[in-house]
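What follows is a set of notes on a single structure, which appears directly below.
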Amino acid sequence: MPPSVMPDESHPAPNANRRRAAFFDRDGVLNEDIGFAHRPDQITWMPGAREAVKRLNDAGFLVFVVTNQAGVARGLYSEEHVRTLHRWMQQELHAIGAHVDAFYHCPHHPEHGEPPYRADCACRKPEPGMLLQAMAEWPVEPKGSFLIGDRDTDLQAAQRAGIEGTLYRGGDLDAIVAGIVAGIMARSTDVG
């Protein structure tokens, strides 16, 4: 089953000018992972998270969120709750001049819930389906693109999608992103 994208997003043609992309896991990277967050009052942004997104926007990167949301399969909340939360997060980002280009979520779980949510799928990380969908729908240049996640499954998804992965263990996310971007820019200058 395909991952879900926010229904109000418009997608440029994949053959438009290709750009590097940053992919973020959500819970544990952009916001504190409290387990099955699905309302704005449950969200505490990680240090430097919003600023990291703005830094990437300003550097010309596409920015995507790719998040497993098994709480849907478990019946704890609906996909509309996920979309509503993502719209709220987007508003919070807009307040500082930042934005996420698209949010992707996997509502499936192989062992919990009922069909269609109880399913082995290609979008639940460590599978790369959400990343591959974003790469198909947006003009992503894989070289120089990266993912930041807080679990090995995130890094496995990045590897399977052919991009770099960084394990986030806490701290100032903006400082971490600044270092990643500086490294990418230095490598592209060396090659060019």
Side-chain angles (χ1 to χ4, degrees), residues 1-9 11 14 21-46 49 52-53 62-90 93 100-138 140 142 145-170 173 176 180:
M1 293 191 173
S4 300
V5 67
M6 291 190 52
D8 57 348
E9 299 287 347
H11 302 294
F23 295 83
F24 288 101
D25 177 46
R26 193 189 81 188
D27 302 322
V29 177
L30 291 179
N31 57 274
E32 289 182 11
D33 188 352
I34 62 163
F36 304 112
H38 60 280
R39 298 187 318 267
D41 67 330
Q42 297 172 310
I43 299 299
T44 300
W45 291 93
M46 295 301 272
V53 173
L62 293 165
V63 178
F64 303 109
V65 172
V66 289
T67 178
N68 288 350
Q69 290 297 313
V72 175
R74 292 172 183 267
L76 301 175
Y77 49 88
S78 70
E79 285 195 82
E80 188 52 36
H81 285 113
V82 176
R83 291 185 191 99
T84 298
L85 179 58
H86 290 166
R87 284 190 289 270
W88 176 84
M89 292 177 83
Q90 189 78 286
L93 290 164
V100 167
D101 289 288
F103 290 81
Y104 294 86
H105 71 271
C106 171
H108 308 114
H109 194 282
E111 299 166 5
H112 296 285
E114 300 296 325
Y117 294 119
R118 182 178 183 150
D120 276 319
C121 65
C123 56
R124 181 175 169 80
K125 295 176 288 182
E127 297 302 322
M130 289 185 281
L131 288 82
L132 296 176
Q133 183 179 351
M135 291 174 167
E137 293 176 347
W138 293 80
V140 173
S145 293
F146 64 92
L147 174 142
I148 299 178
D150 65 331
R151 298 175 185 227
D152 287 338
T153 51
D154 296 317
L155 303 188
Q156 291 167 28
Q159 182 180 29
R160 291 173 181 178
I163 64 171
E164 296 290 321
T166 296
L167 189 63
Y168 175 68
R169 298 182 189 275
L173 188 59
I176 292 165
I180 292 170

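Residues take their numbers from the sequence shown, with the count starting at 1. No experiment lies behind these values; they were computed from the predicted model shown. Hydrogens, waters and symmetry mates play no part in the numbers below; they use all other heavy atoms, side chains included.
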To the nearest 0.5 Å, what is the distance between [atom1] on [X] and [atom2] on [Y]?
X	Y	atom1	atom2	result
Arg87	Thr84	CZ	OG1	4.0 Å
Thr44	Ile34	OG1	CD1	7.5 Å
His105	Thr67	NE2	OG1	9.0 Å
Asp152	Gln159	CG	CD	11.0 Å
Cys121	Met130	SG	CE	8.0 Å
Asp25	Asn68	CG	CG	7.5 Å

Would you say [X] and [Y] make side-chain contact, with heavy atoms under 4.5 Å?
X	Y	answer
Ile180	Glu164	no
Asp101	Trp138	yes
Val65	Tyr104	no
Leu173	Leu30	yes

- Item | Partner set under side-chain hydrogen bond (donor to acceptor under 3.5 Å, both in side chains) for Arg74, not counting sequence neighbours | His112

- Thr153: side-chain hydrogen bond (donor to acceptor under 3.5 Å, both in side chains) partners, not counting sequence neighbours: none

Which residues satisfy the side-chain contact (heavy atoms from CB on, under 4.5 Å) test with [X], sequence neighbours excluded?
X	value
Ala21	Phe23, Leu62, Phe64, Val140, Ser145
Ala157	Lys125, Leu131
Leu85	Arg26, Pro40, Ile43, Trp88, Met89

- For Gln90 and Val100, indicate whether the former's side chain and the latter's backbone hold a donor-acceptor pair under 3.5 Å. yes

- Task: Return each pair, listed once, that meets side-chain hydrogen bond (donor to acceptor under 3.5 Å, both in side chains) where at least one residue sits in residues 27-41; pairs must be two or more places apart or across chains.
- Result: Asp27-Asn31, Asp27-Gln69, Asp33-Arg151, Arg39-Asp41

- Query: Which pair of heavy atoms, one from Val29 and one from Asp150, lies closest together, and at what distance?
  - Reply: CG2-N, 3.6 Å

- Can you name the nearest heavy-atom pair linking Cys123 to His108, along with the distance? SG-ND1, 3.4 Å

- Task: Only pairs at least two apart or in different chains count here, so list each salt bridge (charged side-chain N to carboxylate O under 4.0 Å, His left out) that has a residue in residues 126-135.
- Result: Glu127-Arg160

- Short side-chain donor-acceptor distance under 3.5 Å, His81 and Ser78: yes

